[in-house]
2 protein chains.
Amino acid sequence: MDSAIVNRNVDTVYFNWRKRLSDTKYHHGNLKQALIEAGLDILCAEGLEKLSLRACANRAGVSHGAPKNHFATLAVLHGALATEGFKRFSATMREHMINAPKDAKSQVLASAQGYVAFVEENKDLFRLMFSMERQPDIYPELLPASREAYSVLREVAQNMSPENCENPQGQLSVETMLWTFIHGYAVLKSNKQFYTANAETGADPKLEDIFPRFLFKNE
Amino acid sequence: MDSAIVNRNVDTVYFNWRKRLSDTKYHHGNLKQALIEAGLDILCAEGLEKLSLRACANRAGVSHGAPKNHFATLAVLHGALATEGFKRFSATMREHMINAPKDAKSQVLASAQGYVAFVEENKDLFRLMFSMERQPDIYPELLPASREAYSVLREVAQNMSPENCENPQGQLSVETMLWTFIHGYAVLKSNKQFYTANAETGADPKLEDIFPRFLFKNE
DNA sequence: CACGAATGTTGACACTGTCTATACTTGGAT
DNA sequence: ATCCAAGTATAGACAGTGTCAACATTCGTG
């Protein structure tokens with residue numbers, strides 16, 4: 001008896017067992033998206049340290065080598081997850097803006113609060129998004145997605161004044177100031193690294209309280 | 001012949017071979033410090049991803065299990081490296097302050113520039129320092145070292161005005177504002193994530209240019 | 001239907017952290 | 001001086017990881 005036939009039979013039995021077990025076909029159908037969602041789940045439930053190609057493959061019900069066809073390396077999967085992160089990041093900011101008054105100041109604060117809210121709810125995803133070296137080519141959608149997120153801040157920054165920068169270079173400086181400020185706050189808060197937490201309650205300083213008032217026009 | 005004696009002889013030969021090879025004693029003498037320095041070297045030369053207990057052990061010329069006696073887990077080594085990082089961090093800021101004019105504004109800018117300079121020269125060490133979950137107990141000297149670094153900013157913040165916070169809560173708000181701003185700038189710059197880089201030169205926005213002028217007293 | 005491309009499986013290799021058992025060294029108590 | 005316990009280093013094992021290569025299966029298109 002040809003050993004290839006034996007192997008085939010064994011494999012077929014194994015395949016049928018897998019099929020009954022997980023109700024999936026040999027071809028998953030949408031493994032790439034499934035792996036991304038598995039990665040997001042792991043980030044949320046177990047943290048960045050537990051994120052691995054094999055863990056994603058396992059959670060998606062495929063073998064450890066399967067991801068290779070969709071993500072050549074772990075870095076590429078990171079890029080894909082960061083891309084999805086930036087999309088949700090933009091959406092969270094815009095949701096907060098929609099639910100806020102439409103005056104300029106409220107919109108700026110709403111975007112900032114959306115920024116912080118996203119970080120609070122997606123701590124490890126946020127870490128992944130912003131701890132990656134800038135490799136625009138690692139994943140094709142990454143750069144556009146991050147630029148889209150930045151454009152949200154750019155919109156609200158149009159209602160802020162560049163006159164209060166040390167060396168105002170126009171609108172660009174205001175955007176950078178706003179981003180720098182919000183990003184710094186979000187990073188320090190998410191890492192629980194505020195030394196200025198309220199001594200009694202342990203609460204972090206509120207974004208609204210330390211937000212630089214001078215940044216607004218017409219006040 | 002007792003097998004223990006055989007083993008002893010074999011081990012003695014092996015020991016002598018090692019001794020000739022690396023000119024070290026069986027007891028390293030100061031392995032803990034050597035491992036920390038090996039870790040810093042690796043962070044500088046190969047990056048955070050390449051930092052491992054075994055790589056440090058290898059660089060220090062000891063076996064892979066040796067670090068266990070000084071750092072129970074990788075997280076503890078991380079804590080030790082972060083501690084050393086915070087000490088150098090404080091020193092860098094203070095050096096910049098010493099070499100700057102003594103007026104309040106120059107001192108604030110100098111500390112900020114020291115902050116950024118450290119991050120630029122110790123990118124992966126900085127990432128390690130600020131990407132660690134706050135675990136004050138992981139390494140005994142970590143918390144004091146990080147608080148010492150923060151106290152540098154606290155000093156210069158005494159020359160800044162809380163009047164321009166949205167909801168000024170006194171000196172604490174100014175400290176938090178300053179730290180948030182500088183930290184955000186340093187993180188974004190070190191990760192090369194400024195979208196507002198000069199279109200022609202590719203240069204990042206300068207800290208001095210976007211520094212919020214309103215923060216200073218008496219101006 | 002056939003065949004190449006796309007997708008998934010399996011096994012291997014070199015890494016990693018961590019645990020255990022063991023050996024050596026040192027320093028202090030007897 | 002000697003002996004023993006604590007400190008320190010080694011070696012081997014185990015599970016887990018990324019990555020690669022060989023192979024199997026399925027899909028899509030001629």
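These numbers come from a predicted model, not from an experiment. Within every chain, numbering begins at 1; the chains are lettered A, B, ... in the order of the sequence lines, protein sequences first and strands thereafter.
Taking a cutoff of 4.0 Å between a charged side-chain nitrogen and a carboxylate oxygen, E148(A) and R154(A) do not qualify as a salt bridge.
Residues from residues 46-55 of chain A with heavy atoms under 4.0 angstrom of DNA chain D, sorted by number: S52(A), L53(A), R54(A).
Judged purely by atom type and a 3.5 angstrom limit, K123(B) uses its side chain to pair as donor or acceptor with the backbone of S190(B).
Where stacking is scored as ring centres under 5.5 Å apart with planes under 30°, H64(A) does not register as stacked on the base of dT17(D).
OP1 or OP2 of dC19(C) lies within a sub-4.0 Å distance of a side-chain N or O belonging to K68(B).
In the set dT10(D), dG17(C), dG8(C), the nucleotide with an atom closest to the side chain of A66(B) is dT10(D). Of the candidates dA9(D), dT9(C), dT19(D), the closest approach to any side-chain atom of S63(A) belongs to dT9(C).
Straight-line distance from the NZ atom of K32(B) to the C1' atom of dA9(D): 16 Å, rounded to whole Å. Distance L74(B) CG to dT17(D) P: 16 Å, rounded to the nearest Å.
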(message) Assess the residue pair W179(B) and Y185(A) against the criterion (side-chain hydrogen bond (donor to acceptor under 3.5 Å, both in side chains)); give the C-alpha distance rounded to whole Å, side-chain angles, the decisive distance to 0.1 Å, and a yes or no.
(response) CA-CA 9 Å; W179(B) 191 22; Y185(A) 180 88; over 6 Å; no

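The two atoms that bring L128(B) and L43(B) nearest to each other are CD2-CD1, 4.0 Å, heavy atoms only.
The base of dG8(C) lies close enough to the side chain of N69(A) for a donor and an acceptor atom to sit less than 3.5 Å apart.
The aromatic rings of F130(A) and H183(A) lie tilted to each other, with the angle between the two planes from 30° to 60°. Aromatic ring pairs are classed by plane angle as parallel below 30°, tilted from 30° to 60° and perpendicular above 60°; the pair F89(B) and F118(B) is tilted.
Residue contacts for H70(A): at a heavy-atom cut-off of 4.0 Å it reaches the sugar-phosphate backbone alone, with no base atom in range.
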